[in-house]
**Q** 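The structure under discussion is supplied below as structure tokens; questions concerning it will follow.
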2 protein chains.
Amino acid sequence: MKRENRIYAEEIKKLLIEKGISPSYQRIRIFDFLTTNRIHPSAEMLYLQLIGEMPTLSRTTVYSTLNLFADKGMLKRIFIEGTLVRFDIDTSDHMHFKCTKCGEVFDIFKSAKKLLPKTEHKVINEEVYLYGICKNCK
Amino acid sequence: MKRENRIYAEEIKKLLIEKGISPSYQRIRIFDFLTTNRIHPSAEMLYLQLIGEMPTLSRTTVYSTLNLFADKGMLKRIFIEGTLVRFDIDTSDHMHFKCTKCGEVFDIFKSAKKLLPKTEHKVINEEVYLYGICKNCK
DNA sequence: TACAAGGTTGTAATTATTACAAAATGCAAA
DNA sequence: TTTGCATTTTGTAATAATTACAACCTTGTA
Ligand SMILES: [Mn+2]
Ligand SMILES: [Mn+2]
Ligand SMILES: [Zn+2]
Ligand SMILES: [Zn+2]
């Protein structure tokens, strides 16, 4: 496990460098969390998870790292909560479902692009949010 | 115009009473604005529009009225801005398009319901947001 | 006229996020 | 090695949208 992690960290390091991002410890750990835990976390959720193992981590680092990744196209911002921003490591076209009972966010891997109608406007980006009761809660 | 307005106000009054809402002057004016100007305003946008003609209006009244209307099912909250809440007097199923150039929000009157896929979850509510360049800006 | 219920107002508090400057870190030249 | 510089991290302060709250107004009724 430890060895695996170290190898994995090397891969993340390579990937960050490719994107022109210097691979600091904090950035690697944040990226690692996002790939390992596909929970579409907010900055605060991520901070609370990591602070246990990284006692000096600051919220500012989490926010700035997430924004950096998003601006480099490595993350997607999703707004399924209404106001608060959550982040998705999977930048492919897909929809999201949020259970209003347990709060969990699920991926729905169907491209909305093909389903949605043509309009007189030029559509560049599409976001589809579904709400209801998840398979576990019903 | 003046006479029309007065008649119109009476209709709004009736409608509010039907919904169990006492038809105060502020509530009538806010409802009037929402039906007359279909711009999906935020609380702040609405406040700035009305404060000119209603100098004593407070933001708190705007927020609480919009929330009251929304909770009674007379308005829909829409989150096309990411961070800030906008309100839609049209509670029917339809999608929204936001122009990233001029900022205007357009309705797209196609029911998403029929287009979107079935899932293993029970979907109760659906929101579709499209972003791009509007017909006026391109 | 007096009272009670509900509505409005202004201010303070809260929440999520960004701005900013000081401290820490990493790296490369001397 | 040390020194110096650029970058990153950190903590705190500022901002923006929204909600909480208490005092003040209105309105309808006895
Ligand atoms: Mn996703
Ligand atoms: Mn609409
Ligand atoms: Zn659930
Ligand atoms: Zn436009």
Side-chain angles (χ1 to χ4, degrees), chain A residues 9-10 12-13 16-17 19-33 40-72 74-88 103 105, chain B residues 9 12-13 16-17 19-33 40-72 74-87 103 105:
Chain A
E10 288 305 317
I12 294 175
K13 205 176 268 191
L16 292 179
I17 290 167
K19 295 280 179 180
I21 296 171
S22 97
S24 72
Y25 178 65
Q26 287 84 343
R27 287 168 178 170
I28 291 170
R29 291 297 303 271
I30 289 171
F31 194 90
D32 180 17
F33 185 91
H40 309 84
S42 66
E44 182 69 14
M45 290 161 75
L46 221 159
Y47 172 77
L48 291 175
Q49 291 292 317
L50 291 180
I51 191 67
E53 300 177 10
M54 303 169 69
T56 68
L57 182 66
S58 88
R59 278 189 178 82
T60 301
T61 300
V62 176
Y63 274 102
S64 73
T65 300
L66 291 171
N67 283 330
L68 176 67
F69 288 171
D71 294 346
K72 292 277 184 182
M74 301 165 69
L75 289 183
K76 223 178 190 173
R77 293 182 176 90
I78 67 177
F79 300 96
I80 197 160
E81 297 285 346
T83 153
L84 128 136
V85 185
R86 297 180 67 153
F87 293 87
D88 195 344
V105 173
Chain B
I12 295 175
K13 204 175 268 191
L16 292 179
I17 290 167
K19 295 280 180 180
I21 296 171
S22 98
S24 72
Y25 178 66
Q26 288 83 342
R27 287 169 178 169
I28 291 170
R29 291 297 302 270
I30 289 171
F31 194 92
D32 181 17
F33 184 91
H40 309 85
S42 67
E44 182 69 13
M45 289 162 75
L46 221 159
Y47 172 77
L48 291 176
Q49 291 293 317
L50 291 180
I51 191 65
E53 300 177 11
M54 304 169 69
T56 68
L57 182 67
S58 88
R59 279 188 177 81
T60 301
T61 300
V62 177
Y63 275 101
S64 73
T65 300
L66 290 171
N67 283 331
L68 176 68
F69 289 171
D71 295 345
K72 292 277 183 183
M74 301 164 69
L75 287 182
K76 225 178 188 173
R77 293 181 177 90
I78 67 176
F79 301 97
I80 199 162
E81 297 286 345
T83 150
L84 119 145
V85 185
R86 298 180 68 155
F87 294 87
V105 173

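Protein chains get the first letters and strands the later ones, always in sequence-line order, with residue 1 at the start of each. All values derive from a computational prediction rather than experimental measurement.
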**Q** For DNA chain C, which residues of residues 63-71 of chain A approach it to below 4.0 angstrom with any heavy atom?
**A**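 When residues 63-71 of chain A is checked for heavy atoms under 4.0 Å from DNA chain C, the hits, listed by number, are Y63(A), N67(A).
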
**Q** Please list, in numerical order, the residues of residues 75-84 of chain B that have a heavy atom closer than 4.0 Å to any atom of DNA chain D.
**A**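 Output list: L84(B).
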
**Q** When you check every protein heavy atom under 4.0 Å of nucleotides 21-30 of chain D, what one-letter string (B, S, -) results, 5' to 3'?
**A** B---------

**Q** Where do G82(A) and F79(B) come nearest, in terms of heavy atoms and distance?
**A**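 Looking at all heavy atoms of both residues, the shortest contact is CA-CD2, 3.3 Å.
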
**Q** With sequence neighbours excluded, what pairs up with T83(A) under the side chain to side chain donor-acceptor pair (under 3.5 Å) test?
**A**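 Listed in chain order: nothing, the list is empty.
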
**Q** Contact between I17(A) and P23(A) at the side-chain level, heavy atoms closer than 4.5 Å - yes or no?
**A**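 Yes - at least one pair of side-chain heavy atoms lies under 4.5 Å apart.
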
**Q** Using every non-hydrogen atom in the two residues, find where L84(B) and S42(B) come nearest and quote the distance to one decimal.
**A**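 Residues L84(B) and S42(B), closest heavy atoms: CD1-CB, 3.5 Å.
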
**Q** Please tabulate, for the side chains in residues 45-53 of chain A, all donor-acceptor contacts under 3.5 angstrom to protein atoms that are two or more places apart in sequence or on a different chain.
**A**
| unit_1 | atom_1 | unit_2 | atom_2 | d |
| --- | --- | --- | --- | --- |
| E53(A) | OE1 | R29(A) | NH2 | 2.5 |

**Q** The criterion is side chain to side chain donor-acceptor pair (under 3.5 Å); which residues satisfy it with R59(B), sequence neighbours excluded?
**A**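 So R59(B) forms a side chain to side chain donor-acceptor pair (under 3.5 Å) with E44(B).
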
**Q** Minimum heavy-atom separation for A9(B) to I28(B), with atom names?
**A**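 Closest approach of A9(B) to I28(B), heavy atoms only: CB-CG2, 4.2 Å.
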
**Q** Drop me the distance from S24(B)'s OG to L16(B)'s CG, to the nearest 0.5 angstrom.
**A**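 It comes to 8.0 Å.
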
**Q** With sugar-phosphate meaning primed atoms plus P, OP1 and OP2, does T61(B) contact a base, only sugar-phosphate, or nothing at under 4.0 Å between heavy atoms?
**A**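 Result for T61(B) = base.
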
**Q** Please report the shortest heavy-atom distance between V62(A) and A43(A), naming the atom on each side.
**A**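 Scanning both residues, the minimum pair turns out to be CG1-O, 3.5 Å.
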
**Q** Measure the angle between the two terminal helix axes of the helix from dT1(C)-dA30(D) to dA30(C)-dT1(D), five base pairs each, and quote it to 10°.
**A**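 Here the helix ends are tilted 10° relative to one another.
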
**Q** Which residues pass the side chain to side chain contact (heavy atoms under 4.5 Å, CB included) test with T65(A), sequence neighbours left out?
**A**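 Here the qualifying residues are R27(A), I30(A), T61(A), F69(A).
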
**Q** Does anyone know the first and last nucleotide of DNA chain C in reach of chain A, 5' to 3', at under 4.0 angstrom to a heavy atom?
**A**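 Listed 5' to 3', the contact boundaries are dA16(C) to dC20(C).
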
**Q** May I have the step-by-step check of salt bridge (charged side-chain N to carboxylate O under 4.0 Å, His left out) for K13(A) and D32(A), ending in yes or no?
**A** CA-CA 10 Å; K13(A) 205 176 268 191; D32(A) 180 17; over 6 Å; no

**Q** Could you give me the CA-CA distance, side-chain angles and deciding distance for F87(A) and R77(A), then say whether side-chain contact (heavy atoms from CB on, under 4.5 Å) is met?
**A** CA-CA 5 Å; F87(A) 293 87; R77(A) 293 182 176 90; 3.8 Å; yes

**Q** With a 4.0 Å heavy-atom cut-off, tell me which residues in residues 42-59 of chain B come close to DNA chain D, sorted by residue number.
**A**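 Those residues whose heavy atoms fall under 4.0 Å from DNA chain D, taken from residues 42-59 of chain B, amount to none.
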
**Q** So, using side chain to side chain contact (heavy atoms under 4.5 Å, CB included) as the criterion, who are the partners of V105(A) when residues are at least two apart?
**A**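 Result, side chain to side chain contact (heavy atoms under 4.5 Å, CB included) vs V105(A): H40(A), I80(A), R86(A), H96(A), K98(A).
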
